[in-house]
Amino acid sequence: MSDADEQWGARLKQARLAAGLSQKMLGIEAGIDAFVASTCINRYELGIHKPDLLTVRRLAAVLQVPVAFFYADTDDEIAELLFKYGKADEEVRLKVQALLDDGT
């Protein structure tokens, strides 16, 4: 298992815990069969298995985080910004976008 797999799994767990969901509930809400949902999410979090992009999109939608949050390459600061941006309401997002536009 690579460091990237472990990091991906850790980010999934971080987002799941922040959402207050069990592994089983996350899996079910993301469309994974209830019989295997807990095991499947557990293996994703441990980095044993990696979901396909469609599943990642479903997980991100349930957790209300951008898909990019899971893949931010070893930079926890960027991952944290993506996580917070995904949780922010539209007004906050517009302010962030305006702030970043002013900085260019």
Side-chain angles (χ1 to χ4, degrees):
M1 164 178 15
S2 72
D3 289 344
D5 291 336
E6 286 182 26
Q7 182 180 43
W8 196 98
R11 290 200 178 135
L12 175 62
K13 184 174 183 177
Q14 173 192 356
R16 178 181 62 78
L17 293 175
L21 294 172
S22 67
Q23 291 175 335
K24 183 172 186 170
M25 287 308 304
L26 172 57
I28 291 169
E29 289 188 32
I32 298 170
D33 183 272
F35 186 71
V36 297
S38 182
T39 301
C40 190
I41 298 299
N42 181 265
R43 290 178 185 221
Y44 293 158
E45 288 182 0
L46 293 174
I48 295 169
H49 294 287
K50 200 96 175 257
D52 60 39
L53 184 56
L54 179 59
T55 302
V56 174
R57 286 179 177 158
R58 286 191 214 135
L59 291 168
V62 171
L63 297 169
Q64 297 180 321
V65 297
V67 170
F69 166 72
F70 298 113
Y71 299 101
D73 187 31
T74 66
D75 190 334
D76 290 333
E77 182 180 1
I78 291 173
E80 186 65 22
L81 288 171
L82 289 166
F83 180 80
K84 289 179 179 179
Y85 185 84
K87 299 287 184 188
D89 62 30
E90 184 177 353
E91 182 181 340
V92 171
R93 288 180 181 201
L94 291 172
K95 287 179 182 178
V96 169
Q97 291 169 10
L99 181 64
L100 292 174
D101 286 344
D102 289 344
T104 58

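- Cluster annotation: Leu17 is not connected to Leu12 through the hydrophobic network of ILVMFWY side chains, with a link wherever side-chain heavy atoms come within less than 4.5 Å.
- Across Ala60 and Pro66, no two heavy atoms sit closer than the pair CB-C, 4.3 Å.
- Contact of the Gln7 side chain with the Asp76 side chain is registered, since non-hydrogen atoms from C-beta on lie closer than 4.5 Å.
- A 4.5 Å side-chain heavy-atom check between Leu82 and Val65 finds every atom pair outside the cut-off.
- When hydrophobic clusters are built by joining Ile, Leu, Val, Met, Phe, Trp and Tyr residues whose side-chain heavy atoms come closer than 4.5 Å, directly or via intermediates, Leu63 is not grouped with Leu54.
- Within a 6.0 Å sphere centred on CZ of Arg93, heavy atoms belonging to other residues, nucleotides or ligands number more than 12.
- Nearest heavy-atom pair across Val67 and Tyr71 is O-CD1, 3.4 Å.
- Put simply, the residue from Arg11, Lys13, Gln23 that forms a side-chain hydrogen bond (donor to acceptor under 3.5 Å, both in side chains) with Glu45 is Gln23.
- Proximity of Gln14 to Phe69: side-chain heavy atoms (C-beta onward) are separated by under 4.5 Å at one or more points.
- Here the side chains of Leu94 and Gln97 are in contact, with some heavy-atom distance below 4.5 Å.
- Closest heavy-atom contact between Ile32 and Cys40: CD1-SG, 4.0 Å.
- When hydrophobic clusters are built by joining Ile, Leu, Val, Met, Phe, Trp and Tyr residues whose side-chain heavy atoms come closer than 4.5 Å, directly or via intermediates, Ile28 is not grouped with Ile41.
- Taking OG of Ser38 as the reference point, atom CE of Met25 lies at 11.5 Å (rounded to 0.5 Å).
- A side-chain N or O of Asp52 and one of Thr55 form a donor-acceptor pair less than 3.5 Å apart.
- Other residues, nucleotides and ligands contribute more than 12 heavy atoms inside 6.0 Å of the NZ atom of Lys50.
- Heavy atoms of other residues, nucleotides or ligands lying less than 6.0 angstrom from CZ of Arg43 number 12 at most.
- Hydrophobic clustering (side-chain heavy atoms under 4.5 Å, transitive across Ile, Leu, Val, Met, Phe, Trp, Tyr) groups Val36 together with Leu21.
- For the pair Tyr85 and Leu81, the minimum side-chain heavy-atom distance is 4.5 Å or more.
- In Lys87, the NZ atom is crowded: over 12 heavy atoms of neighbouring residues, nucleotides or ligands sit closer than 6.0 Å.
- A heavy-atom distance below 4.5 Å is not found between the side chains of Leu26 and Tyr44.
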